[in-house]
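The next block holds one structure in the form of structure tokens; read it before the comments.
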Amino acid sequence: MELLYRILSYLTFTIDMIAVIILLIGMVKVLYKYLVVEIKEIRKTHIKKIQLIRCELGIYILLALDFLIAKDIIHTVTDLSYERLIELSVLIVLRTIIGFFIGKEVEVLEKEEYIMK
């Protein structure tokens, strides 16, 4: 049983790191795109291009949140105390709500971009 807990602990740590890597990759890509947009036309703010960049960042955040939710579910198996279960439930609910609203925003931005083309 101890081996299973250790394996699950390493697994949850690995999933955490995957989520962080996804966020870092997304942030670097989005920052690069943002800087390119700003530097190309320094006198004019391209709201639509910046909205699309935000949309892309939102997708990376959603992907990372999915990994974190999966990690929380796996972590629940290793620590079944009542307090920890409540804490993890609240985290999952909050991450799901955040993911829902980011998803809605991305959906709206994608529809706007589709209509503009």
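Note that this is a predicted model, so its numbers are computed, not measured.
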Could you list the donor-acceptor pairs under 3.5 angstrom formed between side-chain atoms of residues 20-35 and any protein atom two or more places apart in sequence or on another chain?
residue: Lys29; atom: NZ; partner: Tyr60; partner atom: OH; Å: 2.7
residue: Lys33; atom: NZ; partner: Glu56; partner atom: OE1; Å: 2.7
residue: Lys33; atom: NZ; partner: Glu56; partner atom: OE2; Å: 3.1

(request) Might you point out which heavy atoms bring Gly99 and Leu62 nearest each other, and give the distance in Å? (result) O-CD2, 3.0 Å

(request) Could you grab the distance from atom CD of Glu107 to atom CZ of Phe100, nearest 0.5 Å is fine? (result) 8.5 Å

(message) Can you tell me how far apart CG (Asp72) and CZ (Arg95) are? Round to the nearest 0.5 Å.
(response) 4.5 Å

(message) Let me confirm one number: the CG-CG distance from Leu11 to Leu4, rounded to the nearest 0.5 Å.
(response) 10.0 Å

(request) First locate atom CD1 of Ile53, then atom CG of Leu57, and finally report the distance between them rounded to the nearest 0.5 Å. (result) 10.0 Å

(message) Going by salt bridge (Lys or Arg N to Asp or Glu O under 4.0 Å), name the pairs with one or both residues in residues 96-106, residues two or more places apart or in two chains.
(response) Arg54-Glu105

(message) Just verifying a value: how many Å separate Leu3 CG and Leu8 CG, rounded to the nearest 0.5 Å?
(response) 9.5 Å

(request) Find the distance between CD1 (Ile73) and CD1 (Ile92) and round it off to the nearest 0.5 Å. (result) 4.5 Å

(message) In the structure I gave you, are the side-chain heavy atoms of Phe13 and Met17 within less than 4.5 Å of one another anywhere?
(response) yes

(request) Identify whether Leu91 and Leu68 are in the same connected component of the hydrophobic contact network (ILVMFWY, side-chain heavy atoms under 4.5 Å). (result) no

(request) Check whether Leu65 and Ile18 end up in the same hydrophobic cluster, where Ile, Leu, Val, Met, Phe, Trp and Tyr are linked by side-chain heavy atoms less than 4.5 Å apart. (result) no

